[in-house]
Amino acid sequence: MSSKLPRSFYNRPTLEVARDLLGKRIVFKSNEAGLSAKIVEVEAYVGEDDPACHAAPGLTKRNEVMYGKPGFSYIYFVYGMYYCFNIVTERKGFPAAVLLRAAEPVDGLEIMRRRSSKRKAETILSGPGKFCRAFGLTAEHSGTDLTSNTLYVCEGIDQVEEIVITTRVGINKGVERPYRFYLADSNAVSGPRVKGPRA
DNA sequence: TGAATGATGCGCT
DNA sequence: GCGCATCATTCAT
């Protein structure tokens, strides 16, 4: 078992945390399964001044986790059927988080495949809704401490190579901000690619 | 291979 | 009511 990231990792500027999460491994242990995956695509949502951030309207019941301590999960329900998994960043009181958009299966592929409508490994976790469905994460898991032993991030296995920085996907406000990060050589990235060869 | 669209429910004005 | 940090399916090219 490799080393779990400490809370200090998350208590930093959100754009740095987002970039540094690429290549790391997300781990979820439940009664049903032990799952893990390599993070290949993320987006940053940074404070009340970021119009696309859920904290833009100020503190509400829904977004209160983002105002709390860094290193906790923020999971919300969207479009009537999907969940999105985020990691809270920066100091308590400053609302910011990193959305996990895509990953590559490492452990528990068969269990993820059973929960997915997809067959190929590289498509099972290629999207924020698909990631939560295959991992079995729901609103029940929002507010979980990522320094716990059930849900956490640990050091990556492979060396991180080229990182692409571009604009976020699926939003209508704050579209110009370059807050999306992905690994250029991954075939599991969900959204549009800025450049590069086709898979 | 890409554009359009329906599914489906919650939070907030 | 409307909009939403989505996805799978359907239809067109």
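When reading the values below, keep in mind they use all heavy atoms of this one structure, side chains included, and skip hydrogens, waters and symmetry mates. Every chain is numbered from 1, with letters handed out A, B, ... down the list of sequences.
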Hey, does the side chain of [X] come within less than 4.0 Å of [N]'s phosphate (OP1/OP2), counting only N and O?
X       : N       : answer
N172(A) : dG3(C)  : no
K61(A)  : dC12(B) : no
R133(A) : dA8(C)  : yes
T60(A)  : dC12(B) : yes

Take atom [atom1] of [X] and atom [atom2] of [N], then tell me their distance rounded to the nearest Å.
X       : N       : atom1 : atom2 : value
N63(A)  : dA5(C)  : CG    : C1'   : 13 Å
M81(A)  : dT8(B)  : CE    : P     : 6 Å
R62(A)  : dC4(C)  : CZ    : C1'   : 8 Å
Y74(A)  : dG11(B) : OH    : P     : 10 Å
E41(A)  : dA5(C)  : CD    : C1'   : 11 Å
Y83(A)  : dC7(C)  : OH    : P     : 15 Å
L100(A) : dT6(C)  : CG    : P     : 13 Å

(request) Ignoring hydrogens and angles, answer whether the base of dA5(C) and the side-chain atoms of Y76(A) contain a donor-acceptor pair closer than 3.5 Å. (result) yes
Name the pairing partner of [N], where a pair is Watson-Crick or G-U wobble with both distances under 3.5 Å, or state none.
N       : result
dA5(C)  : none
dT13(C) : none
dT8(B)  : none

(message) Let me spell it out: for each of S117(A) and V169(A), pick the nucleotide of DNA chain C with the closest heavy atom. Which residue's pick is nearer the 5' end?
(response) V169(A)
(message) Determine whether the aromatic ring of Y79(A) stacks with the base of dT6(C), defined as ring centroids separated by less than 5.5 Å and ring planes inclined by less than 30°.
(response) yes
(message) Tell me whether Y45(A) and dA5(C) count as stacked here, given that the ring centres must be under 5.5 Å apart and the planes must differ by less than 30 degrees.
(response) yes
Counting only side-chain heavy atoms from C-beta out, which of [options] sits nearest to [X]?
X       : options                : answer
K130(A) : dC4(C), dA5(C), dC7(C) : dC7(C)
M66(A)  : dA5(C), dC7(C), dC4(C) : dA5(C)
K118(A) : dA5(C), dC4(C), dA8(C) : dA8(C)
N86(A)  : dA5(C), dC4(C), dT8(B) : dA5(C)

(message) Surrounding CD of E32(A) (heavy atoms of other residues, nucleotides or ligands, distance under 6.0 Å), is the total greater than 12?
(response) no
(message) Taking the basic N atoms (NZ, or NE/NH1/NH2) and the acidic carboxylate oxygens, is any pair closer than 4.0 Å for D107(A) and K29(A)?
(response) no
(request) Would you please test R177(A) and Y45(A) for side-chain contact (heavy atoms from CB on, under 4.5 Å) and show each step? (result) CA-CA 10 Å; R177(A) 297 189 184 213; Y45(A) 290 86; over 6 Å; no
(message) Taking the ring centre of each residue, are Y83(A) and H141(A) less than 6.0 Å apart?
(response) no
Touch check for [X], heavy atoms < 4.0 angstrom, all strands: base, sugar-phosphate only, or nothing?
X       : result
G129(A) : sugar-phosphate
I171(A) : sugar-phosphate
F77(A)  : sugar-phosphate
R101(A) : sugar-phosphate

(message) Given S73(A), which partner from the list I87(A), V88(A), N86(A), T144(A) fulfils the side-chain contact (heavy atoms from CB on, under 4.5 Å) test?
(response) T144(A)
(request) Check the pair K69(A), E90(A) against salt bridge (charged side-chain N to carboxylate O under 4.0 Å, His left out), reporting the backbone distance first and the verdict last. (result) CA-CA 7 Å; K69(A) 286 200 293 185; E90(A) 312 212 26; over 6 Å; no
